[in-house]
Structure formats: structure tokens, C-alpha cells
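Predicted model only: the values in this text are computed from it and were never measured.
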Amino acid sequence: MTFLQATVQVTDATAVWLGTGTNDGERRALLYALCSICNLIRFHPIPLENPLGKPSTMSNLEAVLVAKGLNADVARACSHLFGSYEEAFPYIDPPVIPGDIKEYYSLKYHRYYYHCTTSDTTTWELPPQLQLSEWMLDASISGQDVRTCRKLLSALLWAVQANAHKGAALWSALGLLGRLTGNIVSCGNTVEKYRTVNKSNPKIREALQVVHGGEAVLLAAGFVERPVGGSTLVFPAPGPEGEPDMRPLMAINSKIHQVVSRKGFTGMSRDSDDTGSTTRSRHAGLPGFRYQREIVECSCCGRPINDGSDRLVTRKHDAPRGEFRYECELCSGYNLCEECWDKFMSGTLVPSHPREHAFQTHHPKASQHNLHSNVSDSNPWGVLVAGGSAARARERLKHRTGL
């Protein structure tokens, strides 16, 4: 019995003693707290160099990680998940301990973000180190293989992050998928009508259109297409071979309800009231954004897009230069920075966005004169000076095309 398995048993006993029950959400919170106290899944510092000089194989990866000071449970999980030290490296370095990375729900953007207290950094993406600890916790709670838990979490994580710009509509659609899985879980797979999902149903079709990747989540939970490529998803019924494995379905259902109820992927997310009374965001205090009236974040990488206001106002040569912003005309609130726009145009943007969608280009500020004017068809750059934005546009085109 591993330390983590023993902690799960202690968690159940603690839950009974506290009178809180042993459902997945309560077990997860107690287990996470016990692991934090006992430091059972600590990520120890690991050197950047690989002493073997070549990729580690599956058979010796666990021994290599243990020799580097990694916890035995984590090393064993990595040996099941990854084929080499290089593949495992992003998930174990930089080292963090439970509680270092906190999950928040932005009330302004209706999406989750993560703050690391050690490095004082914030990101929209679920950090790899936190993903690994979640796979391990899910495996210990559900009794499934850690690779299966990785597949389940990755399917839901991709669906959430790929559609994060859709805000409240995403959570409404995910709530419907949660009800579809919850119906089967609540009846113990005994009601036949709950096993069939008709994709042509207007509400279900709308939900799957909002949540790109939602069908993949249902397939990961155990649904199958009948017939293949058809419009019906069916969850297997009990048969002569016995009951179908309900654990993936229960895990997906629990995780969906967890993220929809704003508890996040960790189950410990906190609301962050960043709405305020102005359009200024949490990036307003960063260098280069002091004089920017409205700060828009890239919907893909989460980086704030600088419109050049600070450079114009301060006249400092080292102030950030303004950059182009690309706003989708069909998806409200979806914006791309220059770097992500280049990836979008080359077809390498992850998560992807429909190529047929039209985008409006917002040029950077080119002059302090009329700096805060409204952009219009006759004044596309929000300025009245000639040459500035045109020169920047030519430079941008040269950078993109190499011409």
C-alpha cells in the first residue's frame, strides 16, 4: 500500500468522524488537505540536466526520478504516464508543493486562472504540475488507472479552455452535459432512456455547438456512437458480461459539476471579483499599461494586449510598443494578440478557432493627439496623424511575411 492509498483510507475515516460523508467532492477536499499537511506528494527540486545524456526508458524512469529525490508515488505515476525523463520534466519542474498554486474564478471573464505564490505568476492554463497531482488524486479517489484519469481530465480541460471566451454560455452548456451524465449516475444505469443521447435534439445540439469538444468528453466517459458517425450516443447497458465500468462516467460527472459550480478543477477554487467599476483589469498595474484605458487579454494565451498608450504618453523609448489586436466578429469577447494571430493564420493555434470566422483588426495607437477617440470607419486608428500606424502596419506585414 502506497502513502497516497493509505491517505485515502484516512480521508474516509476522517470524513465519517467529521460527519461530512464521503462523496467525491468532500473526499477530494479532505484528501488534498491531508496531503498538504503530510506533504506526501511533494515535488522536490530536480536539476535541469539529464545525467543519462539520453531519453530515459519506461523501465528505468521511476528509478531515475527517485534517485533525483522525487517522491515515490509521483515517480511511479510518471513511469506509467511518460516514456522518458524529458517528457515528464514539464510536469515536475519547477518544483511546487500543494498550496503553492491557487485556482481562482474570474467573475469578469467567467473563466478559471491560476496564481503561483512562489514565482508570483498568473496564467489561464492549468499548470502541468497541478495536472499531475490532479491525475494522482483522481486515480486514488476513483480507483482507476492514472492514465485513464489523465485521459478524462484532458478531454474536459480541452473543452473548457478551447471555449473559455464564451463565458456564461459555456457553463450553461456544460451544465446540460452534466445533467446527461448525472441522470445515469443517479439511477445506477437502470433507466434505459437515460442511456441514449440524441445529438439532433435542439437543446443538446446547441450545447454541443457551444462546447466544441463536448462530444469527446461524453465519449471519454464511456458513451459510444450508434451507428458509427450517426446522431446518437449510447451508454452501454448491463449485459451477460456484467455491468459496464461506471467509474469514468462518475468521474466525468463529478468533475463537470465541480467546474460548473465554480469549484474548479481542483475543487478548491475561489471567486475573484475583478469586475470593478471601470474597464481596467488586473493588468492595470503592470509596466506599460498605466495609461491604457481598456486592457484586453488574448483569448488564447491570456497575455494583455498593449495598445501603445504608455509609449505615447511617457515618451520612454523602453516602453512597450503598441501591437495589433484581432477581434472575432462572430464570437463576442474573442481577441487574439499578434503572436497568436500568426499561429491562427498558419493553422497552428491551440486551442484552434474556426478559420471561416471574420476578424476586425484594431491598430495600435500611433499618436498622442486624439489618443482616446473612438475608432470608426473614417478614423480606423483612433488618431488624426498620417504615417504612424501605416508604418507600423508595414513593419508588421514584413515581420509576418518576410517580404
Side-chain angles (χ1 to χ4, degrees), residues 1-2 4-13 15-16 20-31 76-77 80-81 134-159 174-201 204 207-208 211 213-261 263 265 267:
M1 178 183 296
T2 67
L4 203 52
Q5 290 171 335
T7 309
V8 172
Q9 293 187 3
V10 174
T11 300
D12 288 340
V16 173
T20 59
T22 55
N23 63 59
D24 282 352
E26 291 165 347
R27 293 178 73 205
R28 165 175 290 277
L30 286 170
L31 179 57
R76 187 174 300 108
H80 288 293
L81 293 167
E134 287 301 304
W135 299 337
M136 295 177 61
L137 288 171
D138 289 343
S140 299
I141 291 173
S142 66
Q144 299 180 95
D145 182 83
V146 67
R147 286 169 292 193
T148 301
C149 294
R150 178 188 186 182
K151 174 185 175 182
L152 296 174
L153 180 62
S154 298
L156 182 59
L157 180 63
W158 190 93
L174 268 181
L176 177 59
L177 299 186
R179 289 194 294 274
L180 295 177
T181 57
N183 287 337
I184 303 177
V185 172
S186 60
C187 73
N189 197 23
T190 59
V191 180
E192 183 177 356
K193 68 176 183 178
Y194 290 155
R195 302 189 195 111
T196 303
V197 175
N198 185 3
K199 293 189 290 183
S200 61
N201 178 284
I204 296 177
L208 293 178
V211 186
E215 184 174 344
V217 173
L218 296 178
L219 293 175
F223 284 86
V224 293
E225 280 188 323
R226 298 284 175 82
V228 177
S231 61
T232 304
L233 297 177
V234 179
F235 190 80
E241 302 84 7
E243 291 279 346
D245 191 357
M246 293 278 291
R247 293 178 299 175
L249 181 71
M250 296 172 67
I252 282 289
N253 177 68
S254 175
K255 192 70 74 174
I256 288 178
H257 285 286
Q258 196 170 282
V259 296
V260 170
S261 61
K263 295 181 180 178
F265 289 94

Should [X] and [Y] count as side-chain neighbours, where that means a heavy-atom distance under 4.5 Å?
X	Y	answer
L249	I252	no
V224	L219	no
P248	Q144	yes
T181	L218	yes
K151	W135	no

Any chance you could measure [X], atom [atom1], to [Y], atom [atom2], to the nearest 0.5 Å?
X	Y	atom1	atom2	result
T148	L153	OG1	CG	12.5 Å
I141	S254	CD1	OG	8.0 Å
I184	K193	CD1	NZ	12.5 Å
I204	E215	CD1	CD	11.0 Å

Taking [X] for its side chain and [Y] for its backbone only, find out whether a donor-acceptor pair lies under 3.5 Å.
X	Y	value
R247	G143	yes
K255	F265	yes
N253	L180	no
R226	L233	no
S186	N183	yes
S261	H257	yes
S140	M136	yes

Exercise. Could you walk me through whether K199 and E225 pass the salt bridge (charged side-chain N to carboxylate O under 4.0 Å, His left out) test, one step at a time?
Key: CA-CA 10 Å; K199 293 189 290 183; E225 280 188 323; 3.3 Å; yes
I would like to know whether L156 and L174 meet side-chain contact (heavy atoms from CB on, under 4.5 Å); could you show each step before the answer? CA-CA 10 Å; L156 182 59; L174 268 181; 4.2 Å; yes
Closest approach of [X] and [Y], non-hydrogen atoms and distance?
X	Y	value
L152	A251	CD1-CB, 4.0 Å
N189	P236	ND2-O, 3.1 Å
A220	A155	CB-CB, 4.2 Å
P244	F235	CG-CE2, 4.1 Å
T232	V234	CG2-CG2, 3.8 Å
G178	I256	CA-CG2, 3.7 Å

